[in-house]
Amino acid sequence: MIVLALDTAGVDCAAAIYDSGRDTMLGEASDMIGKGHAEHLMGIVDRALDQAGVALSDVGRLAVTIGPGSFTGIRVGVAAARGFALSLHIPAVGITTLEVMAAAQREKTPGRAVLAAMDAKREEIYLQSFAADGSPLDEARAVSIAEAQVFAAGFDGEITGSATPLLKPGVTGEYANSFPISIVARLGAAVNPNAAKPKPLYLRGLDAKPQAGYAIARV
């Protein structure tokens, strides 16, 4: 199966072509642009397809990052994935930023559980923990910094993401919410397209309003 993966949830605008049958990345393209994903994404997709030597009609599944991340960026990626999926009559699956970050960390520290933690601003942290085999140990959630610190103190594993300095005593410096687009493609190939979609993290309750700048979207 040929998978087209898209990521516009953060500062990168990225696309990858993955052959799941051969477990081979066929093409990748990524630019760190910060903003302007809508204007750049189609060019990025064309570059990945050209590098892979395949046509868009060869794609059998779409995989797209669905946040947490830039609200505008996520909308661009999800809209593109939906459009491709409808025109090609193929499934589109959403991959959360937290699970991609955790997978990227596991490649660096195999055999270790991972706590993915993103600074959500407003004194909150997006948090989710994963076992060493990649299976989620809990649901993605937005919690206060104090709650996240208590959870991290009892967590036996690696911590990754922009909130790491807030959770790990003695850690300083910049920690980015970054990952290779190839990981989105591999995770997307393994997802059951009929699985339940994640709930948007910005929904705090019936009267909750979207949190400015951060979201998890549905696909």
Side-chain angles (χ1 to χ4, degrees), residues 3-18 25 27-49 51 62-82 84 92-108 114-128 140 142 158-168 171-188 198 200-202 210-219:
V3 178
L4 168 57
L6 309 175
D7 173 42
T8 56
V11 296
D12 293 335
C13 185
I17 308 296
Y18 172 60
M25 295 302 306
E28 298 180 51
S30 180
D31 287 340
M32 184 182 292
I33 63 172
K35 297 180 180 180
H37 294 88
E39 293 80 10
H40 287 80
L41 182 57
M42 292 303 106
I44 293 288
V45 171
D46 285 341
R47 281 166 49 189
L49 289 169
Q51 187 182 121
L62 272 295
V64 59
T65 49
I66 57 173
S70 161
F71 187 77
T72 301
I74 292 167
R75 288 179 62 187
V76 170
V78 169
R82 282 177 166 169
F84 284 138
V93 297
I95 309 296
T96 71
T97 312
L98 296 171
E99 60 184 311
V100 185
M101 289 165 48
Q105 180 62 42
R106 286 198 308 277
E107 290 190 353
K108 300 174 185 176
V114 178
L115 177 62
M118 292 178 63
D119 187 352
K121 310 303 180 183
R122 298 200 319 177
E123 300 298 313
E124 289 185 321
I125 291 175
Y126 289 133
L127 204 66
Q128 188 173 17
E158 304 295 325
I159 300 176
T160 188
S162 58
T164 299
L166 297 172
L167 303 182
K168 210 170 180 179
V171 169
T172 59
E174 294 291 327
Y175 283 77
N177 303 313
S178 60
F179 44 80
I181 183 63
S182 58
I183 296 180
V184 179
R186 288 191 168 93
L187 291 175
L201 284 185
Y202 56 76
Q211 182 167 282
Y214 290 83
I216 278 186
R218 296 180 184 272
V219 176

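Treat the numbers as computed from the prediction; the structure is a model and nothing was measured.
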Interatomic spacing from [atom1] in [X] to [atom2] in [Y] - rounded to 0.5 Å:
{"X": "Arg75", "Y": "Thr8", "atom1": "CZ", "atom2": "OG1", "value": "11.5 Å"}
{"X": "Tyr175", "Y": "Lys168", "atom1": "OH", "atom2": "NZ", "value": "6.5 Å"}
{"X": "Tyr18", "Y": "Leu4", "atom1": "OH", "atom2": "CG", "value": "14.5 Å"}
{"X": "Lys121", "Y": "Glu123", "atom1": "NZ", "atom2": "CD", "value": "10.0 Å"}
{"X": "Asp31", "Y": "Ile44", "atom1": "CG", "atom2": "CD1", "value": "4.0 Å"}
{"X": "Ile66", "Y": "Ile95", "atom1": "CD1", "atom2": "CD1", "value": "7.5 Å"}

Do you know the tightest heavy-atom contact between [X] and [Y]?
{"X": "Val64", "Y": "Val78", "result": "CG2-N, 4.0 Å"}
{"X": "Glu99", "Y": "Gly94", "result": "OE2-O, 4.4 Å"}
{"X": "Leu98", "Y": "Ala140", "result": "CD1-CB, 3.8 Å"}
{"X": "Ala63", "Y": "Val3", "result": "CB-CG1, 4.2 Å"}
{"X": "Gly161", "Y": "Pro165", "result": "O-CD, 4.5 Å"}
{"X": "Ala16", "Y": "Glu28", "result": "CB-CG, 4.0 Å"}

Non-hydrogen side-chain atoms of [X] and [Y] separated by less than 4.5 Å:
{"X": "Phe179", "Y": "Thr65", "result": "yes"}
{"X": "Leu127", "Y": "Leu167", "result": "yes"}
{"X": "Thr160", "Y": "Leu115", "result": "no"}
{"X": "Ile33", "Y": "Glu39", "result": "no"}
{"X": "Glu158", "Y": "Arg106", "result": "no"}

Between the side chain of Gln128 and the main-chain N/O of Ala116, is any donor-acceptor distance below 3.5 Å? no
If only atom types and distance count, is the side chain of His37 paired as donor or acceptor with the main-chain N or O of Gly10 below 3.5 Å? yes
Going by side chain to side chain donor-acceptor pair (under 3.5 Å), name the residues that satisfy it together with Ser162, two or more places apart in sequence or in a different chain.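 Scan of Ser162 (side chain to side chain donor-acceptor pair (under 3.5 Å), adjacent residues dropped) gives Asn177.
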